[in-house]
*Asks:* 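Sharing a structure, written as structure tokens. Questions coming.
This is a predicted model, so every value here is computed, not measured. A note on names: the letters A, B, ... follow the listed sequences, proteins ahead of strands, and every chain is numbered from 1.
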Protein chains: 2
Amino acid sequence: MKKDMVTHCQNCPLRGQSQFKSLPEEQLDFLRRFKAGEIKVEPGAQLLLQGSNSPQLFTALEGLGVRYKTLEDGRRQVINFVLPGDFVGLQAGVMKEMQHSVEASTAMTLCVFNRADLWSLFKAQPAIAFDLTWLAAIEESFLGEALAIVGQAPAETRIVWGLLRFHDRCRMAGLGDARGVPFPYRQQDLADALGLSLVHTNKTLQALRQRQILSLQDKRLRMLDLSRAKAMLDADLQQPAAPRPLI
Amino acid sequence: MKKDMVTHCQNCPLRGQSQFKSLPEEQLDFLRRFKAGEIKVEPGAQLLLQGSNSPQLFTALEGLGVRYKTLEDGRRQVINFVLPGDFVGLQAGVMKEMQHSVEASTAMTLCVFNRADLWSLFKAQPAIAFDLTWLAAIEESFLGEALAIVGQAPAETRIVWGLLRFHDRCRMAGLGDARGVPFPYRQQDLADALGLSLVHTNKTLQALRQRQILSLQDKRLRMLDLSRAKAMLDADLQQPAAPRPLI
DNA sequence: CGTCATGTTGAAGTACGTCAATGGGGGTGG
DNA sequence: CCACCCCCATTGACGTACTTCAACATGACG
């Protein structure tokens with residue numbers, strides 16, 4: 001009963017979420033045909049590899065992942081965390097090759113698309129093509145914000161920003177409960193995302209725990225004092241929460 | 001003779017550059033109609049304002065500019081420098097509003113497009129729409145690289161990276177001569193781009209000058225030893241120079 | 001001729017990095 | 001069931017690459 005194991009776009013549980021804009025029937029129908037299949041991967045699986053030219057693009061349905069760049073000397077830069085609803089592989093889709101890798105941090109389920117079909121999408125579905133560009137612009141916007149934080153903010157602010165952004169994104173994706181949101185990442189991953197050393201990340205986290213700003217244990221993140229956390233960030237960095245496209 | 005002052009897309013001097021892919025006649029024709037006009041601005045002019053929803057999008061034709069985010073406390077993050085051929089305002093085009101500002105650093109000439117026409121572009125010209133997405137992906141890729149440098153590299157590497165990237169981009173745009181490429185920016189701008197203080201940027205620049213890696217004076221940048229400069233960077237960060245779209 | 005913007009340089013402080021050691025949990029094999 | 005190991009979190013000590021403060025130089029401009 002394989003077909004029962006594949007989520008139909010019409011029934012996609014993500015589709016109903018308020019963070020995503022709703023689509024007319026015709027476009028949903030196109031997406032259903034555009035969708036080449038579904039895969040489930042284990043934690044640690046490489047979805048896309050820096051420098052490669054993947055024939056497949058993905059939208060995360062379940063589970064959490066991470067995008068990162070590897071430098072020659074082994075240092076890493078985590079670009080972003082991957083949540084359900086995120087589209088990954090656009091670089092492979094339109095450019096020569098991926099400039100970063102994508103890895104599953106937990107078990108993940110992903111929607112699979114064929115890179116080769118992308119052109120037909122632009123020809124037949126300008127509205128979805130527009131949405132794809134929208135997604136790219138959102139990603140660019142996020143990276144600009146990350147650059148500003150990493151470039152200008154001290155360690156404490158960086159950590160609060162990183163965890164708060166992740167927390168809010170999880171909430172919008174309907175993840176987590178009273179015990180907080182899932183956080184399957186290591187402190188090393190957080191450090192690599194924020195341009196900090198592991199040791200300093202750990203010590204700053206301790207300070208934030210002691211001040212009751214947040215709790216982070218058992219792979220769960222809990223923002224204990226949202227108002228104080230947000231007050232530590234620049235008001236300019238608060239993004240409006242307009243519904244975004246889901247491809 | 002106003003119409004003589006406006007460059008026709010067919011005769012656009014940028015179009016012939018090898019850095020840009022060539023377009024079929026029909027698409028060029030569309031772009032000519034898509035183009036709403038041209039403007040010339042003075043140094044210091046604000047082209048796009050963070051938080052605003054500009055009705056106009058631009059492609060730089062001549063001159064140099066800068067994209068930046070302003071933080072509450074007055075700190076700035078320079079996102080990127082704007083060169084001829086760069087498309088600016090995509091965020092305003094597809095999202096609610098710009099997340100950064102764009103300012104002219106020298107006198108500039110820009111191609112003007114109406115945001116309202118963007119949708120017709122997607123409907124009528126899927127190939128150009130694809131190119132637009134391509135541009136967004138390039139920008140995302142650049143920001144990922146910048147994030148990795150600012151997050152992981154020491155001051156000297158950051159400066160070499162920033163100036164080398166700018167230098168190479170200028171060269172591809174046909175700017176500069178034996179005396180080097182134009183560099184109308186202040187050291188403060190460079191510092192704000194790389195997440196360094198002005199003082200430290202200055203001292204690191206001095207060290208690089210003394211080691212004959214580069215020269216920077218009279219608003220001119222010259223890479224005196226390209227091979228040594230490139231050797232200071234991660235090989236992973238060398239981007240392939242495939243022809244990119246020009247909108 | 002003053003004022004302003006930018007570049008330069010020295011001195012002092014500090015936020016951060018590196019090094020190193022410890023401890024706990026979870027798996028695996030004897 | 002214990003022994004061992006590996007991964008990750010934690011903590012202290014120490015070094016340093018950076019920031020901040022401050023002063024001065026230079027050229028452009030009115």
*Asks:* Measuring from atom CD of B:Q17 to atom CZ of B:R244, what distance do you get when rounded to the nearest 0.5 angstrom?
*Replies:* 8.5 Å
*Asks:* Between the side chains of A:Q99 and A:Q91, does any donor sit under 3.5 Å from an acceptor?
*Replies:*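 Short answer, no.
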*Asks:* Quick one: does any side-chain atom of A:R228 pair with a main-chain N or O of A:R211 as donor and acceptor, under 3.5 Å?
*Replies:*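 Between the backbone of A:R211 and the side chain of A:R228 there is a qualifying donor-acceptor contact (under 3.5 Å).
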*Asks:* Under 4.0 Å between a side-chain nitrogen and a carboxylate oxygen: does that hold for B:R171 and B:D168?
*Replies:* no
*Asks:* Please report, rounded to the nearest Å, how far the C1' atom of C:dA15 is from the CD atom of A:Q152.
*Replies:*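 To the nearest whole Å, that distance equals 16 Å.
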*Asks:* With distance as the sole criterion, is a donor-acceptor pair present between the side chains of A:D225 and A:S227 under 3.5 Å?
*Replies:*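 Indeed, the side chains of A:D225 and A:S227 share at least one donor-acceptor pair under 3.5 Å.
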*Asks:* Without decimals, in angstroms, what is the distance between A:H200 NE2 and D:dC18 P?
*Replies:* 15 Å
*Asks:* Among the candidates C:dT9, D:dC18, D:dT20, find the nucleotide nearest to the side-chain atoms of B:P154.
*Replies:*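 Nearest to the side chain of B:P154 among the choices is D:dC18.
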*Asks:* Please tell me which of the listed nucleotides, C:dT18, C:dC16, D:dC18, lies nearest to the side chain of B:L196?
*Replies:*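 Looking only at heavy atoms from C-beta outward on B:L196, the closest nucleotide is D:dC18.
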*Asks:* Quick one: is D:dC8 close enough that its OP1 or OP2 comes under 4.0 Å of any side-chain N or O from A:Q187?
*Replies:* no
*Asks:* A:D218 has an atom CG; how far is it from atom C1' of C:dG25, in whole Å?
*Replies:* 11 Å
*Asks:* Whole-Å distance between D:dC8 C1' and A:D192 CG?
*Replies:* 14 Å
*Asks:* Less than 3.5 Å between a donor and an acceptor, one on the side chain of B:K203 and one on the base of C:dG7, is that the case here?
*Replies:*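 No pair found.
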*Asks:* Which of the following nucleotides, D:dT11, D:dT19, C:dT6, is nearest to the side chain of B:R186?
*Replies:* C:dT6
*Asks:* A:Q217 CD to D:dC8 C1': how many Å, rounded?
*Replies:*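 The answer, rounded to whole Å, is 15 Å.
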*Asks:* Whole angstroms only, please: what is the CD-C1' distance between B:Q206 and D:dA25?
*Replies:*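 Taking atom C1' of D:dA25 as the reference, CD of B:Q206 is at 13 Å.
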*Asks:* Would you tell me if any nitrogen or oxygen in the side chain of A:R75 comes within less than 4.0 Å of OP1 or OP2 on C:dG17?
*Replies:* no
*Asks:* Measure from the side-chain heavy atoms of B:R209 and tell me the nearest of C:dT9, C:dT8, C:dG17.
*Replies:* C:dT8
*Asks:* Provide, to the nearest angstrom, the distance between the CZ atom belonging to B:F183 and the C1' atom belonging to C:dT6.
*Replies:*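 It is 13 Å, rounded to the nearest whole Å.
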*Asks:* Measure CG/A:L216 against C1'/D:dC8 and give the value in whole Å, please.
*Replies:*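 Roughly 13 Å, once rounded to whole Å.
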*Asks:* In terms of side-chain heavy atoms of A:N202, which of C:dT18, D:dT20, D:dT10 is nearest?
*Replies:*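 For the A:N202 side chain, the nearest candidate turns out to be D:dT10.
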